[in-house]
There are 2 protein chains.
Amino acid sequence: MEYVHDIISALSKQGYRLTPQRLMVVSAIENSEDHISAEEIYSQVVVRYPNVNISTVYRTLELLKRLGLVTETDLGGGRVRYHPADKGHHHHLVCQECGAMIDLDESLLGPLQDALLREHNFIADLRHLAIHGRCVDCRR
Amino acid sequence: MEYVHDIISALSKQGYRLTPQRLMVVSAIENSEDHISAEEIYSQVVVRYPNVNISTVYRTLELLKRLGLVTETDLGGGRVRYHPADKGHHHHLVCQECGAMIDLDESLLGPLQDALLREHNFIADLRHLAIHGRCVDCRR
DNA sequence: TTGATAATTGCAAGTAGTTGCAGTTACAAT
DNA sequence: ATTGTAACTGCAACTACTTGCAATTATCAA
Ligand SMILES: [Mn+2]
Ligand SMILES: [Mn+2]
Ligand SMILES: [Zn+2]
Ligand SMILES: [Zn+2]
């Protein structure tokens with residue numbers, strides 16, 4: 001069985017069209033070492049496909065989010081960032097003062113997720129959260 | 001002792017100027033029954049102070065956030081919403097599918113806040129969160 | 001009261017992201 | 001291969017929010 005990117009095969013399986021623009025956006029996300037922004041995706045894609053428009057990047061991200069294939073996270077810095085939903089299950093603590101980021105294991109939010117499901121019948125999307133606050137150094 | 005809005009007396013105590021624009025923004029927030037947007041604040045203020053600029057509203061909100069006097073929350077709908085930090089301690093579950101909102105007691109996040117402080121020395125700002133996901137009806 | 005002065009504001013331009021629409025194209029059916 | 005069609009894209013205009021800068025003003029000291 002040939003190798004296909006997870007996201008692309010999921011798109012294909014669900015009947016979405018595999019346009020070159022989408023393939024390149026997906027590839028930028030899957031090849032990114034960490035969290036990537038829409039602008040960064042765009043500037044990668046535009047090199048190989050010069051007349052792509054950034055609204056296509058945003059629309060693709062919207063689709064991938066809606067299908068649960070990528071997560072969108074506000075890590076500060078004025079733009080949200082994306083990464084594959086099934087890659088590196090974890091969260092981040094973000095200091096609002098100095099921008100420091102602390103990685104957090106996903107297990108810390110398990111109990112909360114369970115409680116919300118049990119007590120409110122609500123399926124919380126708690127994959128790759130950014131929790132904002134103050135780190136030790138910026139404590140007042 | 002005379003009555004002063006909590007937020008105004010806090011501003012004053014910390015040495016910030018009490019401009020008419022600020023007083024009116026604060027008043028709009030404190031008088032709002034629930035969560036209010038920047039645009040809604042602006043449209044209240046502009047009636048009594050016609051040449052106020054919306055950037056002043058945004059800058060005032062930024063200040064009030066930074067001082068911990070108001071909370072900013074993304075409840076969906078394409079704009080964030082504000083309310084006094086010390087009013088109605090609670091959170092919201094927001095369904096990404098249908099927009100339904102379920103109120104949540106603040107106690108549910110106490111254990112998480114404690115764990116983050118204990119295990120990571122991080123003071124998480126978990127006042128008035130919006131947790132996104134799917135409600136029972138939109139479950140798949 | 002009356003200045004001095006730094007904080008604050010209005011304005012205009014900028015950034016991140018969204019949307020309506022007309023034209024293009026992936027994909028399926030022939 | 002050709003063609004029909006809805007999905008998708010590019011484009012341009014728009015929304016929410018931000019920012020640099022010059023003009024205004026709240027506050028304080030004289
Ligand atoms: Mn991450
Ligand atoms: Mn609320
Ligand atoms: Zn910090
Ligand atoms: Zn729902």
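To find a chain, count down the sequence lines: A is the first, B the second, and so on, and within it residues start at 1.
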Taking 4.0 Å as the cut-off, does a side-chain nitrogen or oxygen of [X] come that near to OP1 or OP2 on [N]?
X	N	value
Gln21(B)	dT25(D)	no
Ser55(B)	dG10(C)	no
Thr19(A)	dA26(C)	no
Tyr58(B)	dT18(D)	no

Fill in the blank from the handout: Contacts of Arg59(B) meeting salt bridge (Lys or Arg N to Asp or Glu O under 4.0 Å) (sequence neighbours excluded), chain-then-number -> none

Starting at [atom1] of [X] and ending at [atom2] of [N], how long is that distance when rounded to a whole Å?
X	N	atom1	atom2	result
Arg81(B)	dC17(D)	CZ	C1'	15 Å
Leu18(A)	dA26(C)	CG	C1'	9 Å
Arg22(B)	dT9(C)	CZ	C1'	10 Å
Tyr49(A)	dC8(D)	OH	P	14 Å
Ile8(B)	dA26(D)	CD1	P	15 Å
Leu11(A)	dC27(C)	CG	P	11 Å
Arg59(B)	dG20(D)	CZ	C1'	9 Å
Met24(B)	dG10(C)	CE	C1'	16 Å

Practice task
Between Asn51(A) and Gly77(B), name the one whose nearest nucleotide on DNA chain D is closer to the 5' end.
Solution key: Asn51(A)

Handout entry: Salt-bridge contact Arg81(B)-Glu40(B) (side-chain N to carboxylate O under 4.0 Å)
Key = yes

Check: residues 93-103 of chain B side-chain donor-acceptor pairs under 3.5 Å, at least two apart:
from: Glu97(B); atom 1: OE1; to: Arg134(B); atom 2: NH1; distance (Å): 2.3
from: Asp103(B); atom 1: OD1; to: His92(B); atom 2: ND1; distance (Å): 3.0

Exercise for the section: Could you tell me how the ring of His90(B) sits relative to the ring of His128(B): parallel (under 30°), tilted (30 to 60°) or perpendicular (over 60°)? Expected result: perpendicular

Completion exercise
The answer to which of Glu39(A) and Asn53(A) contacts DNA chain C further toward the 5' end, by nearest nucleotide, is Glu39(A)

Problem - Any donor-acceptor N/O pair under 3.5 Å between dA6(D) base and Arg17(A) side chain - result: yes

Fill in the blank from the handout: In this structure, CG of Asn31(B) is separated from CE of Met24(B) (nearest 0.5 Å) by 12.0 Å

